[in-house]
Amino acid sequence: MKKKMLLGLAVVMSVGMLASGCGKGANKTSNATAGATGTSVAKIYDYSDYVTLGDYSKLEVTNQDVSVTDKEVEEKIQSNLEAQATYKEIKDRAVKDGDTINLDYKGVMDGEAFDGGTAKGASLTIGSNQFIDGFEDGLIGVNPGETVDLDLKFPDPYDNNPDYAGKAVTFTVTVNYIQGDKIIPELNDKEVEKLSSTSKTVEEYKKEIREQLEKEKKDSIKSDQQDEMVDQVVNLCTVNSYPDGEVDAYVKRLKDYYESYASMYGMSYSDFVKQAMQTTEEQLEKDMKEESEKAVAKKMILYTIASKEGWMLSGDELSKACDDFVTKIGASSIDDVESVYGEGVVEETVIESKAIEELMKTVTYVDKRSDGTVWNSDSSSESDSISEE
């Protein structure tokens with residue numbers, strides 16, 4: 001997994017650090033909050049001692065084509081139709097290697113059902129090796145409607161769940177049907193009523209899809225151009241140092257987020273890193289440190305620019321902006337957002353977003369940047385954030 005993808009799950013948290021909730025006045029520092037190692041990290045608004053601003057008065061962002069082609073509209077409609085597809089159910093022959101089947105199964109180990117061992121209406125391709133040895137081969141020759149017992153044993157070692165390694169298990173399996181040809185519905189007025197809550201005819205639906213794609217493309221380009229602008233600003237400025245504990249606090253936030261995901265999937269943190277993220281804990285620590293340094297650098301630079309230009313929000317204005325942000329993203333409260341993404345993330349998202357919004361008013365849109373560089377989002381030093389879009 002590439003590093004950008006590897007960290008993508010958690011970078012939404014990287015806009016905020018250990019700031020306390022919204023609605024409190026913005027001073028140089030305020031009450032301390034717990035840092036990554038249990039020490040105190042002061043909530044900072046003035047980062048002027050930590051960064052040296054460059055000349056950001058001549059920012060350029062690249063024009064991008066926002067038009068939507070007929071081909072794109074047709075491809076989107078076809079994708080939507082395929083999402084409604086059904087399959088012919090074959091029930092007049094036995095299962096053979098390569099078939100995709102629909103099945104119900106229940107696994108029993110030590111006389112009891114176990115987590116992950118039971119499913120109804122599951123889809124399985126025979127020969128895909130999704131299940132333990134003997135499971136798929138044991139279904140070859142079984143006719144739809146028949147139920148069989150498969151006496152098997154988990155491999156040893158068994159990385160997916162070491163507790164199951166080497167244990168005997170019996171799966172009771174019913175083959176419901178063999179999946180036949182895919183049946184994709186035709187686009188007509190009747191199908192449109194299933195696909196759309198507003199369109200009634202094919203022509204209306206095509207117009208709806210075009211408008212949807214145009215909005216998605218404009219939103220994507222807007223986000224891309226903001227990232228391009230911030231990337232320039234960060235590269236024009238210099239980070240002199242980082243406040244004590246702030247990068248570590250970001251790293252802790254990212255790790256806490258990953259640990260919560262591991263817990264949600266019933267996995268240890270170590271197994272989650274290895275299996276789901278396809279990396280090592282050592283490499284992940286390095287990646288999180290690098291991304292955290294970028295996120296803190298961006299935050300310090302945007303805060304410093306906001307203070308210099310008179311864009312810094314505080315007091316009631318900041319409190320209202322935080323409430324408006326939470327409403328816009330469809331959350332019920334600031335606490336609910338921060339319980340997922342980390343303490344202070346709403347306030348810091350709002351402050352950074354304000355700085356980005358104002359900076360975007362100053363940019364020049366060009367077909368080619370005067371410095372000759374071509375911006376690439378994959379190599380950007382910009383960190384993602386919770387989006388208001």
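The first residue in the sequence is number 1, and the count goes up from there.
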[X]: side chain to side chain contact (heavy atoms under 4.5 Å, CB included) partners, not counting sequence neighbours:
X	answer
Ser220	none
Tyr265	Tyr261, Met267, Phe272
Glu146	Val142, Asn143

Counting only pairs under 3.5 Å, give me each side-chain donor-acceptor contact of residues 75-84, with atom names and distances, residues two or more places apart or in other chains.
unit_1, atom_1, unit_2, atom_2, d
Gln78, NE2, Glu82, OE2, 3.4
Asn80, ND2, Tyr205, OH, 2.9

Pairing residues for [X] by the salt bridge (charged side-chain N to carboxylate O under 4.0 Å, His left out) criterion, not counting sequence neighbours:
X	result
Lys153	none
Asp163	none
Asp92	none
Glu358	Lys354, Lys361

If you look only at distance, which donor and acceptor atoms sit under 3.5 Å apart when one is on a side chain in residues 124-136 and the other is two or more places apart or in another chain?
unit_1, atom_1, unit_2, atom_2, d
Thr125, OG1, Thr100, OG1, 2.8
Ser128, OG, Thr125, O, 2.7
Ser128, OG, Gln130, OE1, 3.3
Glu136, OE1, Gly127, N, 2.7
Glu136, OE1, Ser128, N, 3.0
Glu136, OE1, Asn129, N, 3.0
Glu136, OE2, Asn129, N, 3.1
Glu136, OE2, Gln130, N, 2.7
Glu136, OE2, Phe131, N, 3.2

message: Could you work out, with side chain to side chain donor-acceptor pair (under 3.5 Å) as the rule, every residue matching Glu191, not counting sequence neighbours?
response: none
Acceptor/donor pairs from residues 169-183 side chains to any protein atom, 3.5 angstrom cut, sequence neighbours excluded:
unit_1, atom_1, unit_2, atom_2, d
Thr170, OG1, Asp151, OD1, 2.8
Thr172, OG1, Asp149, OD1, 2.8
Thr174, OG1, Thr147, OG1, 2.7
Asn176, ND2, Asn102, OD1, 2.7
Asn176, ND2, Asp104, OD1, 3.1

- prompt: Who are the ring pair (Phe, Tyr, Trp, His ring centres under 6.0 Å) partners of Tyr158, not counting sequence neighbours?
  reply: Phe154
